[in-house]
Amino acid sequence: MSISTAPVVLSSTDAGVLTLTLNRPEVLNGLTDDVLDAITDGCRQAASDDGIRVVVISGAGRGFCSGQDLRAGLESGDVDIRGHLRDHYVPMVRAMRDLEKPVIASVNGVAAGAGMSVALAADFRIAAESATFIQAFVRIGLVPDAGSSYFLPRLVGTAKALELAMLGETVDSAEALRLGLVHRVVPDADLGQATADFAARLTRAPRSAGLIKQLISHSLDSDLDEQLRREEEAQVLASESEDFAAGINGFITKRPPVFTGR
Ligand code: LHQ
């Protein structure tokens, strides 16, 4: 047994981008409570820090995330699954979704089980050509969790979601792009730069970008009247932002506005 003192999630901030790198490469970044809590903490930190505009989640080594670490005590049968989900998985998904800033999953390799859920809970997925996606839950007799059964049908439709979740087959990056599971596929060697370029664009987005995230997130769960009310609330907030003033000024003066996220 090797005892590692390396952090299970590496965290770094550069030019407004908080990058969280899952760091258990020997198990393709299998999820433990510590990993889940570190993602939650990172998203909460991003929420309270005006200097962070975008969060990127990626994986160290050849995997993105292999889902729940199946050797972290589960085989004994003594684990309180309900508590485990409620105390660690749910807060992570909520922290990613409640954050009024974009989250990018930079999928460098296999995303399996709850590892695929992490990717799906992000706002954007940029995949390396060698990345694969597996609804692995059914392979071990479980059901999708960590939001997969919510996000997957919304991304690919119920028929395809059912097929992916029930058969648990491996989806390669080309198929993931065709299905609308990912936004971009890039050569493996270009993933870091492509993610950095995409994130940099988002760091220049106005305050309204976070409000747009919330509007689109809620749209499929709302009827028209509710969504019209949500738009009204969000538009009032957006119109009170410094970025709206900068946007209007930019239009009038014919100079591109510089947005600050406020
Ligand atoms: C792993 C793992 C892993 C530990 C690779 N754990 N070691 C579940 C339960 C309870 C509550 C909450 O929610 C959940 C949700 C879930 O996420 S259930 C789904 C859990 N994930 C899986 O079932 C996927 C398991 N992994 C695999 O099927 C394969 O490893 C994949 C397809 C991901 C990758 O295959 P390969 O590229 O062939 O790599 P490998 O299998 O050789 O893995 C490399 C090493 O990583 C290997 O260790 P070893 O010591 O033999 O070199 C694996 O045992 C280890 N590893 N996933 N989840």
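Here the structure is a predicted model, which means the values were calculated and not measured. For ligands, and for the atoms within them, numbers begin at 1 and follow the listed sequence. We count residues from 1, following the sequence as given.
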Look up atom 58 (N) of ligand 1 and tell me if a protein heavy atom lies less than 4.0 Å from it?
yes
Heavy-atom protein neighbour under 4.0 angstrom from atom 6 (N) of ligand 1
yes
Is there a protein heavy atom less than 4.0 Å away from atom 24 (C) of ligand 1?
yes
Give the atoms of ligand 1, by number and element, whose distance to some non-hydrogen atom of G67 is under 4.0 Å.
17 (O)
Are any of the protein's heavy atoms under 4.0 angstrom from atom 52 (O) of ligand 1, yes or no?
no
How about CD on E226, more than 12 heavy atoms from neighbouring residues, nucleotides or ligands closer than 6.0 Å, or not?
yes
Residue of the set L31, L36, T32 for which side chain to side chain contact (heavy atoms under 4.5 Å, CB included) holds with D34:
T32
Say whether H84, considering both its backbone and side-chain N or O atoms, lies within less than 3.5 Å of an N or O atom on ligand 1.
no
What protein heavy atom sits nearest atom 41 (O) of ligand 1, and how far off is it?
L28 CD1, 5.0 Å
Please identify which atoms of ligand 1 are closer than 4.0 Å to at least one heavy atom of D69.
4 (C), 6 (N)
Interatomic spacing from CD1 in I134 to OG1 in T170 - rounded to 0.5 Å
3.5 Å
Closer than 4.0 Å to some heavy atom of L85 - which atoms of ligand 1 meet that?
12 (C)
Show your reasoning for whether side-chain contact (heavy atoms from CB on, under 4.5 Å) applies to R97 and F151.
CA-CA 11 Å; R97 297 311 312 151; F151 299 116; 3.7 Å; yes
Nearest non-hydrogen contact with atom 42 (O) of ligand 1 belongs to which option: R24, R82, R62?
R62
At under 4.0 Å between heavy atoms, what of T170 touches ligand 1? The answer is neither
For atom 3 (C) of ligand 1, state which one of G141, S66, G30, A114 supplies the nearest heavy atom.
S66
With no hydrogens and no angle check, just 3.5 Å: does a side-chain donor-acceptor pair link D172 and T132?
no
In the complex you have, is atom 38 (O) of ligand 1 within reach of the protein, judged by whether a heavy-atom distance drops under 4.0 Å?
no
What do you think, any protein heavy atom under 4.0 angstrom from atom 27 (C) of ligand 1?
no
Electrostatic pair D221-R230, nearest N-O below 4.0 angstrom
no
Should the heavy atoms of other residues, nucleotides or ligands under 6.0 Å from CZ of R201 be counted, would the total exceed 12?
no
Are K213 and D123 close enough for a salt bridge, meaning some N to O gap below 4.0 Å?
yes
Return the CZ to CG distance between R53 and L202, rounded to the nearest 0.5 Å.
9.5 Å
If only atom types and distance count, is the side chain of R125 paired as donor or acceptor with the main-chain N or O of S106 below 3.5 Å?
no
Atom 12 (C) of ligand 1 sits nearest the protein heavy atom D145 OD2, 3.3 Å
Compute the shortest N/O to N/O distance between L70 and ligand 1 and return yes if it is under 3.5 Å, no if not.
yes
List every atom of ligand 1 that sits less than 4.0 Å from any heavy atom of R71, numbering the atoms from 1 in the order shown and giving each element.
7 (N), 54 (O)
What atoms of ligand 1 come within less than 4.0 Å of a heavy atom belonging to I134?
32 (C)
Which of the atoms in ligand 1, numbered in the order shown and given with their element, are less than 4.0 Å from a heavy-atom of E26?
45 (C), 46 (O)
Shortest protein contact, atom 55 (C) of ligand 1 (heavy atom only)
V27 CA, 3.9 Å
Rounded to the nearest 0.5 Å, what separates atom CG in L22 from atom CG in N108?
8.5 Å
Mark yes when over 12 heavy atoms from residues, nucleotides or ligands other than R139 sit less than 6.0 Å from its CZ; otherwise mark no.
yes
Do you see a protein non-hydrogen atom under 4.0 Å from atom 10 (C) of ligand 1?
yes
Validation row: S148, L120 side chains within 4.5 angstrom (heavy atoms)
yes
